[in-house]
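Just the heavy atoms: all of them, side chains too, but no hydrogens, waters or symmetry mates, feed the values below. Proteins get letters first, then strands, A, B, ... in listed order; numbering begins at 1 in each. Since we're looking at a predicted model, the values are computed, not measured.
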Amino acid sequence: MGRRWVAVTAKPGRIFRTPAPAAARALRGARLEKAGRRGKVLLLEFDGGKVLLVHLGMSGQVLLVPPAEHPEGHVHLEAALDDGRKLVFRDPRKFGFYRLAKAGETDSLRELAGIGTDPTAPGFTWEKFSADLRARKGALKPLLMDQSFFGGIGNIYSDEILFASRLRPMRGVETLTPVEAKDLFHSVRDVLASAIGCGGTSFDEAFTDVYGKPGLYGGRLAVYGKQGEPCGHCSTELKLIRSGGRSSVFCPHCQK
DNA sequence: CGAGTACCCTGTTGGC
DNA sequence: TGCCAACAGGGTACTC
């Protein structure tokens, strides 16, 4: 934070939603003043009213490394900092994106339009959650992953949240009792807080913080990726279902 | 309009 | 052992 980007290179490609060369030119000499987030989108705010939007997709990574280090493969953006270090943005599968915007226009960008309440922010209250729930219908799983419902939850944590609240992925929102709804609310907060506290979930060396350190939540996953294994609570075999091209794992005994 | 599906992309994994 | 198909994932665009 507060570092100036003294040299910037951006590799043109589909992943850049604004022309890469222009973005690199605009960011050269800019000072990073604030790093924020809206849902899964990172917002890097620079002096001069420039904002860089970064979505890491599923394989995106940002690394802070010494200048002599050259992380391998699929580097899309690289910035030399005025303290001698280097920021490297990678994304092998290119499901993410980069966009350079002006500070004033971020609210009108389609990348940020309709991203719901952040479930880790103070604005995420029981009152808000229960009101939002009542306005929806359909299965819980796609709802949790719907970025307009709340921003930032993907496949891993939606499965874990549903297990923690003992609700099945395909359970209809409109069938929840008040007690179940409240359970769900607390599970959203608890699961996310504990996952963030662990530094997230790392499947391999690509899921790390900027220093290359992996997250430790993987060891605490209850259901995600564990189809066929016994449930940690009741030993029933965990089942996998597929819906809308996305997989969900749940315990047929614990989750109703 | 809602639900379902194909596509984008590439590294990893499982089956033959 | 080696090759190739299948799969994973978020978001969008499309069809039924």
Chemist: If I take atom OH in residue A/Tyr98 and atom C1' in nucleotide C/dG11, what distance separates them, rounded to the nearest angstrom?
Modeler: 16 Å
Chemist: Rounded to the Å, how far apart are A/Leu53 CG and C/dG11 C1'?
Modeler: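 For the pair A/Leu53 CG and C/dG11 C1', the rounded distance is 15 Å.
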Chemist: Atom CG of A/Asp146 to atom P of C/dT12: distance rounded to whole Å?
Modeler: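 Checked: the CG to P distance equals 11 Å.
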Chemist: Between C1' on C/dG11 and CG on A/Asp91, what's the gap in Å once rounded to a whole number?
Modeler: 13 Å
Chemist: Describe, as an angle rounded to 10 degrees, how the axis at the first end of the helix from B/dG2-C/dC16 to B/dC16-C/dG2 is tilted relative to the axis at the last end, five pairs per end.
Modeler: 70°
Chemist: Distance check: side-chain N/O of A/Gln147 vs OP1/OP2 of C/dG11, anything under 4.0 Å?
Modeler: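 Yes.
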Chemist: According to the interplanar angle, ranging from 0 to 90°, do the rings of A/His55 and A/Phe97 count as parallel (below 30°), tilted (30 to 60°) or perpendicular (above 60°)?
Modeler: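 Correct class here is tilted.
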Chemist: Using a 4.0 Å heavy-atom cut-off to protein, can you give one letter per nucleotide of nucleotides 5-10 of chain B, 5' to 3': B if the base is in contact, S if only the sugar-phosphate is, - if neither?
Modeler: B--BBB
Chemist: Members other than A/Val249 in its cluster, when Ile, Leu, Val, Met, Phe, Trp, Tyr link by side-chain heavy atoms under 4.5 Å?
Modeler: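 Grouped by the 4.5 Å side-chain rule, A/Phe163, A/Val223, A/Leu238, A/Leu240 form the rest of the cluster around A/Val249.
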Chemist: Tell me, with the steps shown, if A/Asn155 and A/Lys141 meet side-chain contact (heavy atoms from CB on, under 4.5 Å).
Modeler: CA-CA 9 Å; A/Asn155 209 21; A/Lys141 168 81 175 190; 2.4 Å; yes
Chemist: Taking atom C1' of C/dG10 as reference, at what distance in whole Å does atom OH of A/Tyr157 sit?
Modeler: 15 Å
Chemist: Which whole-number value in Å describes the distance from A/His55 NE2 to C/dG11 C1'?
Modeler: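 Rounding to the nearest Å, NE2 of A/His55 and C1' of C/dG11 are 7 Å apart.
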Chemist: Between C/dG11 atom P and A/Leu109 atom CG, what is the distance in whole Å?
Modeler: 16 Å
Chemist: Find the distance A/Leu143:CG to C/dG10:P and express it as a whole number of Å.
Modeler: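 Nearest whole value for this atom pair: 15 Å.
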